[in-house]
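Since we're looking at a predicted model, the values are computed, not measured. Order of the sequence lines sets the chain letters (A, B, ...), proteins ahead of strands, with each chain counted from 1.
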Amino acid sequence: MHIVLGPADPGPGAAGPADPGPSPWRALLVEDGRTVGARDAPLSELPGLVRSLAAESPRPEAIRWVWSQTARVYPPLLAAGFEPARCWDLSLCQRILSQAAGFPDTGVEYAPVVELDPTPPEPAEERVLPRVDPAQGSLFDSPAAGERSGEPTADQLAAELAAQLRAVTGSRYPQRLTLLLAGESQGGMIAVEMNAAGLPWRRDLHEALLADALGPRPADGARPARMQELADRIAATLQVAGVNPDSQPSLLKALHTAGIPVRTTSKWDLMAWAEEGGERVEERRALIAELLEYKTLQRLWTANGWHWLDEWVRAGRFHPSYAVGGVVTGRWAAHGGGAMQVPATVRGAVRADPGWLLTVADASQVEPRILAAMSGDRALAQAGRDGDMYLGVAELGRRAGSAVSERSRAKIALLGAMYGSTTGDSGALVPHLRRLFPAALEFVESAARIGERGGRVATWLGRTSPAPSADWQAQVADVSTAEAESRARSMTRSHGRFTRNFVIQGTAAEWALCWMGAVRRRLHAGGADGAGLRTRLVFFVHDEVVLHGPAEEAGEVRTLLAEAAAEAGRLLFGNAPVEFPLTVSSVESYAEAK
DNA sequence: TGAGATCGCCAC
DNA sequence: AAACGTGGCGATCTCA
């Protein structure tokens, strides 16, 4: 059973002058593609309508709720305490199907009935609006939602759903595509739930950490004391007055004036110069240490300083806004506050509430495991059987007399194979890896060859890479000069590295989606009485999740995380001999995890 | 003054 | 000269 939620009538923008009355919404009950019922309610009473529909159903968990965009429709329902098992996000599914429809290999035939935008609301918009309060109305009442003209009606959305389901049925791998679209939709709900819950963040601890590193909070426009001291010392050492270490050109010029021949001002270049040897190594090291310390503090101050706290932490929670499938490969993006790059230095401010714990789970070496499963490389899968896959590869390499004989080498060799490196230590090890795992290497190299030709690839569940742009086509074809030819070659290879990585990174994202979905289901069904746990997912970064809940639930949570990881592996790859072990810990501070 | 490019750092 | 995938983001610089 599908229940489609949408406005009963076209939006005010389409109909003319805005109707001052409450806009009616409609729930369409759809069974086997046929509409079998409809219920209307004012927008403000939508949560009540949804709940009564669920209560009337003999199997509420079997209802798939259908809406245009989870990020806009779900928040008020969630705020009213409604957390459905399943949904279908028409805009997220449309994005995947539209991409696939241009790629004949997928067998997807699809044309949208209504164009839907999967872009989540701006985080700024969310901040301006008060958080959704179930008693006070919802995001629907916000100016942003109201201003959108021509909001598709429930009937149009039902027609769109039918078109999407037809596209899936006729596709080459309907089961996989269904899993992808259902998973993406469920990801949409999880993203909203994590945004609403937020990551527990202690302002006092963060401020203490800032004061410790930077000194007291400076007036606006002024550098923190510790940074100013360092800047003065650097200017004195270089004997270049007024050098601004925040300005790359200024710093580079000052370094050159002082006789330091670095090519860039990057950390790596500076460190290399300091360790070059020759005369006065100690002086070099001292200068570089000051520069690096300045850079570290500058980063902390600008990326996660007081301003960041003011902007992003409300009532003890950091509320990043996630864009499900916002990255071409299907990974999630996040907007606002740099959520996907919470640096190690500030993780100490992430603390569980009193009596609660953070359970942090990190999937180990997901991408090489995905590679093993997709390529069917039994040797590589075997290497991942006992926990640490890099160790397993190194052990296998040692027994075979290969150069890939220790963990660090196994790691850079595998990463190099998946990223397409050709130079350096990593590139040099790839041929050795090919001897150990020919099937896996053939798999990634075949994806690379397709990309180099300008072709497209697909993930395991059927997310497709975009066709290269017209500009790419033109530049790759331009061999009029030696320079153009070299640029063409570079672009060709670059696109090959992209498609090579796309299949793995994208399938890893699918695994993570299935993992989180399974975690969510198990949280809802957990507890001694099966009535569900209070623990919730609060944070996600590619292959790591953070949950927050009562300490007494932590043991069960750790178990269900591991079960969910195994379930995700089975969902994608059936009984293929590939495992997805986790590193899991329940801690009070995020800094203690791992 | 403001959009866009560039640099550099952070995360996976 | 370590550079090989996906990103976000802030400061600075460039140019209209």
Chemist: Closer than 4.0 angstrom, basic N to acidic O: yes or no for Arg217(A) and Glu207(A)?
Modeler: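 Between Glu207(A) and Arg217(A) there is no salt bridge, as every charged N stays at least 4.0 Å from the carboxylate O atoms.
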Chemist: Side-chain donor-acceptor contacts of residues 266-275 of chain A below 3.5 Å, not counting sequence neighbours, with atom names and distances?
Modeler:
from	atom 1	to	atom 2	distance (Å)
Ser266(A)	OG	Thr264(A)	OG1	3.0
Ser266(A)	OG	Asp269(A)	N	3.3
Asp269(A)	OD2	Thr264(A)	N	3.0
Asp269(A)	OD2	Thr264(A)	OG1	3.0
Glu275(A)	OE1	Arg285(A)	NE	3.3
Glu275(A)	OE1	Arg285(A)	NH2	2.8
Glu275(A)	OE2	Arg285(A)	NE	3.1

Chemist: More than 12 heavy atoms of other residues, nucleotides or ligands under 6.0 Å from CD of Glu588(A): is that the case?
Modeler: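 Open.
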Chemist: Looking at residues at least two apart in the chain, or sitting in another chain, which of them share a side-chain contact (heavy atoms from CB on, under 4.5 Å) with Arg500(A)?
Modeler: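 For Arg500(A) the side-chain contact (heavy atoms from CB on, under 4.5 Å) partners, ignoring immediate neighbours, are Val444(A), Glu445(A), Ala448(A).
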Chemist: Going by side-chain contact (heavy atoms from CB on, under 4.5 Å), name the residues that satisfy it together with Ala428(A), two or more places apart in sequence or in a different chain.
Modeler: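 Listed in chain order: nothing, the list is empty.
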Chemist: Less than 4.0 angstrom between a side-chain N/O of Thr329(A) and OP1 or OP2 of dG5(C), yes or no?
Modeler: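 Result: no.
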Chemist: Where along residues 428-456 of chain A does a heavy atom fall under 4.0 Å from DNA chain C?
Modeler: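 Of all residues in residues 428-456 of chain A, none places a heavy atom under 4.0 Å from DNA chain C.
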Chemist: Whole Å only: how far is the CG atom of Leu300(A) from the C1' atom of dC9(C)?
Modeler: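 To the nearest whole Å, that distance equals 15 Å.
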Chemist: Closest nucleotide of DNA chain C for Arg223(A) versus for Ala272(A): which of these residues is on the 5' side?
Modeler: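 This one resolves to Ala272(A).
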Chemist: Along nucleotides 1-12 of chain B, 5' to 3', which nucleotides get a B, which get an S, and which get a -, given that the test is a protein heavy-atom distance under 4.0 Å?
Modeler: ------SSBBSB
Chemist: Using atom CZ of Arg493(A) as one end and atom P of dG5(C) as the other, report the distance to the nearest whole Å.
Modeler: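 Checked: the CZ to P distance equals 13 Å.
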Chemist: Report the relative orientation of the aromatic rings in Trp472(A) and His495(A); use parallel for angles under 30°, tilted for 30 to 60°, perpendicular for over 60°.
Modeler: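 Tilted, since the angle between the ring planes falls between 30° and 60°.
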Chemist: Using residues 538-546 of chain A as the side-chain source, report each donor-acceptor pair under 3.5 Å to any protein atom, sequence neighbours left out, with the distance given to one decimal.
Modeler:
from	atom 1	to	atom 2	distance (Å)
Glu544(A)	OE2	Tyr590(A)	OH	2.5

Chemist: Starting at the 5' end of DNA chain C and moving along, which residue's nearest nucleotide shows up first, Glu367(A) or Ser250(A)?
Modeler: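 Going by which nucleotide is closer to the 5' end, it is Glu367(A).
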Chemist: Tell me: NE2 of His307(A) to C1' of dG10(C), nearest whole Å?
Modeler: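 Rounding to the nearest Å, NE2 of His307(A) and C1' of dG10(C) are 11 Å apart.
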Chemist: Starting at CG of Asp310(A) and ending at P of dG10(C), how long is that distance when rounded to a whole Å?
Modeler: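 Taking CG of Asp310(A) and P of dG10(C), I get 14 Å after rounding.
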Chemist: When rounded to the nearest 0.5 angstrom, what distance separates CG in Leu292(A) from CG in Leu297(A)?
Modeler: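 It is 11.0 Å, given to the nearest 0.5 Å.
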Chemist: Find the distance Trp308(A):CH2 to dC9(C):P and express it as a whole number of Å.
Modeler: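 Trp308(A) atom CH2 is separated from dC9(C) atom P by 12 Å.
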